[in-house]
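Chain identifiers are assigned alphabetically (A, B, ...) following the order of the sequence lines, protein sequences preceding nucleic acid strands; residue numbering begins at 1 within each chain.
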Number of protein chains: 2
Amino acid sequence: MSRRPMVRPGGRSTRVQQAVHTAVRELQAEVGRPELTVPMVAARAGVTPSTIYRRWGDLQELLSDVAVEHLRPEAPPEDHGRLLDDLRNWAEQFLEEMASPTGRAYMRDALLGDPEGDNAGLCSAYAAEQVGTMLARAAGRGEEVPDVETVIDRVVAPVMYRILFRPDGLTGAYARRLAEEALTR
Amino acid sequence: MSRRPMVRPGGRSTRVQQAVHTAVRELQAEVGRPELTVPMVAARAGVTPSTIYRRWGDLQELLSDVAVEHLRPEAPPEDHGRLLDDLRNWAEQFLEEMASPTGRAYMRDALLGDPEGDNAGLCSAYAAEQVGTMLARAAGRGEEVPDVETVIDRVVAPVMYRILFRPDGLTGAYARRLAEEALTR
DNA sequence: GGGCATGACGCAAGAAATTTGCTTTAAGGT
DNA sequence: ACCTTAAAGCAAATTTCTTGCGTCATGCCC
C-alpha cells in the first residue's frame, strides 16, 4: 500500500526530455517551424517517434512546452530606485522581447498546443510575478503602489493584445506610455 | 494580356466552401474538436480530402476561417443613449460571448491557424469597428469621448488577455468596471 | 447563344505521419 | 541486490497527407 505515483525527475526521462527540447530548438533554427515534424525531432534527439507521441501527444503540445521554457524570465526586473522607472523599463523590454518575430512565435506556440490552458496560465504567472516584485520593492521604499491586477490590465494586457492581434507599429515608447499612465491616471 | 487572376465568387467554389464550413460546424458540435480530421470533414461535405488540403492547407487554417466567420459581429452595438451605458453593456456582452467555452475555442482557432496574422487582425478590426460606432454616436450627441485606441487598450485588451491567459473568475461585473474606468479615469 | 481558356475538383497511387500492442530498460523503494 | 513499474524501444497496422493527371464547370469573348 501507500503507493503514490512514482515521480522520477532525475534519470532517463529527464535526459530524453532535454534531448527532445534541444532537438526542437536546433531544428526550429535550422529548418524553420513549418518544416518541423515529429519524426524529424525524434531522429535528432536519438529517440523513437512513439516516445514523443506518448509523452507530448502531438507536435503542438511539444512546441508549447518548449515555448514556455523560453518565456520564463531569467532574472528579476532591474531596480532603478523608483517604481515609475522600473515599470517603464520593464514594459519596454517586455514588449521588445515579445514583439520580436521569435518572441511572437513562442507566444503563439505557447497558446497553441495547450488544451488545458496550463501553459498560458504559466506565462501570465511569470508576468504577474515580475510585476509583483517591482511593486513590493516600491512599497518597501514607501511608495504608493497600485494593485498587481491593475498593472496587468493597464500594461501587460494591452501589450499582449496588440502583439497577438495587431502587431504593426509597436514601439518601446508605447510601452513606456502605458507604464506611465498606469501609475499616474 | 491584362489577365488578372480570375475570381469566381459564384458557382461551384462557393458551394464547396459553404459545404465545408457547414461540415466543420456540425462535426465540431457532434464529435468535438480533438476528434476532428480533414478526411472526416471532407466526407461530411461530400468533397475529396485533397480539395480541402489544396484550398486551406491544413485543418488549422480551415478552422481559423470558420472561427473568424463566427466572430464577426452580427449587429452594431445597442444604443442606450449614453456612452457609459453603451460601453458597459457592450463590454459585458463581449466578455460573455468570448469567455464561453465555444467562444474561447473560436478565438484560439482564429489565432491559431493564421501564419500571416490576417485573421487575428480581422478580429481586432471587428472590435475596433464596434467601439468606433459607439464613440461616434456619443460624439454626435455632444458627449466628450476618448480615442478608439484608448478604449481598446483599457477594455478590449484586458478582456481578451484574461480570456486567453487566465480564464478563471471572469465576470460581467469585471467588464463593466473596465468600461467605467476607461471613461472616468 | 456557343465556344474557349482556366481555375477548381475528383480520383488514385504513393509517401509520410500517427497509433498501438508488446518487449525491454532502468529508476527508486524495500 | 532484488522487485516493481513508469517510460522507452521496436515494428506492424492504420490513417492522414501529398501529388500527378484527367475532368468539369465558370466566366469571358466572339
(message) Measuring from the side chain of A/Val38 (C-beta onward, heavy atoms only), which nucleotide among C/dT18, C/dA8, D/dC17 has the closest atom?
(response) C/dT18

(message) Measuring to OP1 and OP2 of D/dT16, would you say a side-chain N or O of B/Thr37 lies under 4.0 angstrom away?
(response) yes

(request) Grab the CG-C1' distance between A/Asp58 and D/dT16 for me, whole Å please. (result) 14 Å

(request) Using whole Å, report how far CG of B/Leu36 lies from P of C/dT18. (result) 16 Å

(request) Determine whether the side chains of A/Arg166 and A/Tyr161 contain a donor N or O and an acceptor N or O closer than 3.5 Å. (result) no

(request) Report yes if a donor N or O on one partner sits less than 3.5 Å from an acceptor N or O on the other, where the partners are the side chain of B/Ser50 and the base of C/dC11; otherwise report no. (result) yes

(request) To the nearest Å, give me how far apart CZ (A/Arg15) and C1' (D/dA8) are. (result) 11 Å

(message) To the closest 0.5 Å, what do you measure between CG (A/Leu63) and CZ (A/Arg33)?
(response) 5.5 Å

(request) Hey, could you give me the CG/CD distance between A/Leu87 and A/Gln130, rounded to the nearest 0.5 Å? (result) 11.5 Å

(request) Let me know the distance between CG of A/Leu59 and P of C/dA16, rounded to the nearest Å. (result) 17 Å

(request) Among C/dG10, D/dG9, D/dT26, find the nucleotide with the atom closest to the side chain of B/Val47. (result) C/dG10

(request) Counting heavy atoms from C-beta on, name the nucleotide in C/dA27, D/dG9, C/dA17 closest to the side chain of A/Thr48. (result) D/dG9

(request) Could you check how far CD1 of B/Ile52 sits from C1' of C/dG10, rounded to whole Å? (result) 13 Å

(message) Whether A/Tyr53 contacts C/dT19 is assessed here as follows: a side-chain N or O lying under 4.0 Å from the phosphate OP1 or OP2. Is that the case?
(response) no

(request) Please lay out, stage by stage, how B/Ser64 and B/Asp114 fare under the test side chain to side chain donor-acceptor pair (under 3.5 Å). (result) CA-CA 7 Å; B/Ser64 184; B/Asp114 187 22; 5.0 Å; no

(request) Kindly say whether, by distance alone, the side chain of B/Arg54 makes a donor-acceptor pair under 3.5 Å with the base of C/dG10? (result) yes

(request) Rounded off to whole Å, could you give me the CZ-to-C1' distance for the A/Arg12 and C/dA27 pair? (result) 9 Å

(message) Of the options D/dC17, C/dC11, C/dA27, whose atoms approach the side-chain atoms of B/Pro39 most closely?
(response) D/dC17

(message) Nearest heavy atom decides the nucleotide; on that basis, is B/Met40 or A/Arg55 closer to the 5' end of DNA chain D?
(response) A/Arg55

(message) Using 0.5 Å steps for rounding, measure from the OG1 atom of A/Thr171 to the CG atom of A/Leu95.
(response) 7.5 Å

(request) Send over the distance from A/Trp56 CH2 to C/dT19 P, rounded to a whole Å. (result) 15 Å

